[in-house]
Amino acid sequence: MTAGQERQAQVRRLDGDVIAVELADRTVLISGICPHRKGLLRYGTVDVEKQRITCPLHHSAFSLETGERVAGPACEPLRVYDELPQQRGSHEESEAPEGLQHEGRSS
């Protein structure tokens, strides 16, 4: 990366309350609702260098790796998904959209 170039992330809303944060090397699936006061994280700020997302309401910041709150008002951790959750009540198999496989944790 040359001087003056910014690394940016794309944030997309997926099924239900899940959002995809698309970084340069991977896509992270997280809850789109802040656990503090239910702010919509799709309008938040992503810090690519620190791998965190900040809620636009009260500025709670969460690790995109673990979901841990790293700044802002005290609250529960943010939910991080290994794959797109199934919709409740759906009996059909649904696949995550192409390119949205989260680098899962080793089992």
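Residue numbers run from 1 in the order of the sequence given.
A 6.0 Å sphere centred on CZ of Arg79 holds no more than 12 heavy atoms belonging to other residues, nucleotides or ligands.
Across all non-hydrogen atoms, the minimal contact from Val80 to Glu65 is CG1-O, 4.4 Å. Contact record, Asp47 with Glu49: OD1-N, 3.1 Å, taken as the closest heavy-atom pair. Looking at every heavy atom in both residues, Ile19 comes nearest to Ser31 through CG1-O, 4.2 Å. Residues Ala9 and Val21 share a closest heavy-atom pair of CB-CG1, 4.2 Å. Residues Cys55 and Gly39 share a closest heavy-atom pair of SG-CA, 3.9 Å. What you find for Leu64 and Val28 is that their closest heavy atoms are O-CG1, 3.4 Å.
Taking a 4.5 Å side-chain heavy-atom cut-off between Ile, Leu, Val, Met, Phe, Trp and Tyr, the cluster of Leu40 extends to Ile33, Tyr43.
Of the candidates Gln8, Gln10, Arg12, Glu22 forms a side chain to side chain donor-acceptor pair (under 3.5 Å) with just one, namely Arg12.
In this structure, the separation between CD1 on Ile53 and CD1 on Ile30 is 4.0 Å, given to the nearest 0.5 Å.
In this structure, Pro35 and Leu78 have side chains that are in contact, with non-hydrogen atoms separated by less than 4.5 Å.
Among pairs with a residue in residues 47-80, those fulfilling ring pair (Phe, Tyr, Trp, His ring centres under 6.0 Å) read His36-His58, at least two apart in sequence or across chains.
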